[in-house]
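To keep things clear, I will list the structure first and then write my remarks on it.
Below, chain A is the first sequence line, B the second, and so on; all start at residue 1. Atom set for the values below is all heavy atoms of this structure, side chains included, hydrogens, waters and symmetry mates excluded. These numbers were taken from a predicted model, which means no experiment stands behind them.
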Amino acid sequence: MGLRLKEFLAGCRDEAPLQLGVIPFGMLYGIGAVAAGMPVWLAQLTSMVVFAGAAQLVIVQMLAAAAGALPIGLTAALLNLRHLLYSASVAEHVRHLPRRWRVLLAYLLTDEAYAVAILRYTRPAGEAGNGVAGNEPQGAGPDLRHWYFLGCGLTLWGCWQLSTALGIAFGARIPPEWDIDFAVPLTFIALLTLLVKERAGQAAALVAALAVLALAALPFRLGLVLAIVLGLLAGAAVARESGK
Amino acid sequence: MSVSTLVLLLGAVGVLTFLFRYTMIGLVAGRTLPRWVHALCRHIAPASFAALAASELFIHGGEVVFALAAPKPWAALVAALVAWRTGNVLATIAVGMAALYLLKALL
């Protein structure tokens, strides 16, 4: 087996278990997009163009709540700002690659692909996979770890497109009185309890939730954007207080 | 929102998202992010999810509504307890939906 293919397949294999969590999200997005009145072609195209699970769910929920285009765009952009951190984190590892590789890997840089690929970069090049399967003699070969990154990214991409399509197909058949779109806020609640383990995060969540209610009267759901910004500031302030 | 506005909006979000992902890899090579960007980015997800959940549960037509007979906030509370005890996203969704159907039948 070629070394490139070996790295690529190792990336696919290590990314696979995460798809158990990704596929329900993609289906939920597809179902929600149809329920919010998005045309089917646009719902699928969004999964290709935006390719960011949390932001897509947020867009769908805000569309369903008749929010304006500007608040939706601002909220989604704010939420995706974290990718800047991933970009900074992988930059040193991919800087030597040709531009077409960097563009492709940047496009595939999502939460789940980053989480797996960055672990590969903590291990030396020329030792494919998670270090368990490699039974061939390993020399100091060329750095082919970007093929591993590509395997992670494409596995996730494929699952995301497929689960979106499944959600769209299902969503069109589910009667509205089933309230299936209620699963979206439930997802946010579940993720929230997983994310908020320390006081700064709790402060950010609490201030954002209270602020969104206080600012409910603002038009086009602009209160949502402001509430998130206030939550960020509260989180940063508490983090500074506690010296972290 | 018209379909053409929606296409523009989603296109803009897509371009911005790609730029966030590409900036440090391709545009400003060799630079590091200031500390305050890290500090703010860490809290984006909890702040967004909390604001969205609160807005979905308690805001209807631009007004804050706390109705004791509304099933969704109670179902969300049950789901939050499951999320807190199990840390399992799928279990949270399943129990939350089941609670919603049960409450809708009862209330």
Name the member of [options] that forms the most heavy-atom pairs with chain B at distances under 4.5 Å.
options: A/Ala55, A/Gly231, A/Pro185; result: A/Pro185
options: A/Val196, A/Leu213, A/Leu233; result: A/Leu213
options: A/Ala54, A/Ala204, A/Ser89, A/Ala217; result: A/Ala204
options: A/Val103, A/Val90, A/Ile72; result: A/Val103

Given the options [options], which has more heavy-atom pairs under 4.5 Å with chain A than any of the others?
options: B/Val89, B/Leu16, B/Thr5, B/Leu10; answer: B/Leu10
options: B/Gly96, B/Ala12, B/Ala83; answer: B/Ala83
options: B/Val15, B/Leu19, B/Ile59, B/Val64; answer: B/Ile59
options: B/Ser55, B/Ala53, B/Ala79; answer: B/Ser55
options: B/Glu56, B/Lys104, B/Glu63; answer: B/Glu56
options: B/Ala91, B/Ala54, B/Ala51, B/Gly14; answer: B/Ala51

Non-hydrogen side-chain atoms of [X] and [Y] separated by less than 4.5 Å:
X: A/Leu78; Y: B/Ser48; result: no
X: B/Phe20; Y: A/Leu81; result: yes
X: B/Phe49; Y: A/Thr193; result: no
X: A/Thr110; Y: B/Arg21; result: yes

Quick one: what part of [X] sits under 4.5 Å from any heavy atom of chain B, side chain, backbone, both or neither?
X: A/Tyr114; value: neither
X: A/Ala67; value: backbone
X: A/Ile59; value: side chain
X: A/Ala69; value: both
X: A/Val229; value: neither
X: A/Trp101; value: neither
X: A/Met48; value: neither
X: A/Leu63; value: side chain
X: A/Tyr86; value: neither

(request) Enter the distance from A/Gln202:CD to B/His43:NE2 here, rounded to the nearest 0.5 Å. (result)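 Those atoms lie 11.0 Å apart.
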
(message) I need the A/Phe188 CZ to B/Thr92 OG1 distance, nearest 0.5 Å.
(response)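 Between A/Phe188 CZ and B/Thr92 OG1, I get 14.0 Å after rounding to 0.5 Å.
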
Under 4.5 Å from any heavy atom of chain A - which part of [X]:
X: B/Leu8; answer: neither
X: B/Leu9; answer: side chain
X: B/Leu100; answer: side chain

(message) Run the side chain to side chain contact (heavy atoms under 4.5 Å, CB included) test on A/Asp179 and B/Lys72 for me, step by step, so that the C-alpha distance in whole Å, both residues' side-chain angles and the decisive distance to 0.1 Å come before the verdict.
(response) CA-CA 10 Å; A/Asp179 281 317; B/Lys72 281 186 181 176; 3.9 Å; yes

Testing the basics here: between [X] and [Y], what is the closest heavy-atom pair and its distance to 0.1 Å?
X: A/Leu84; Y: B/Met24; value: O-CG, 3.7 Å
X: A/Ala205; Y: B/Ala50; value: O-CB, 3.2 Å
X: A/Pro39; Y: B/Val3; value: CG-CG2, 3.9 Å
X: B/Ala47; Y: A/Ala208; value: O-CB, 3.3 Å
X: B/Ile25; Y: A/Ser87; value: N-OG, 3.2 Å
X: A/Ala183; Y: B/Met97; value: N-SD, 3.8 Å

(message) Quick one: does any side-chain atom of B/Tyr101 pair with a main-chain N or O of A/Trp178 as donor and acceptor, under 3.5 Å?
(response) yes

(message) My understanding is that only one of A/Ile189, A/Leu79, A/Val58, A/Ile228 makes a side-chain contact (heavy atoms from CB on, under 4.5 Å) with B/Leu52; could you say which?
(response)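 Option passing the side-chain contact (heavy atoms from CB on, under 4.5 Å) with B/Leu52: A/Val58.
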
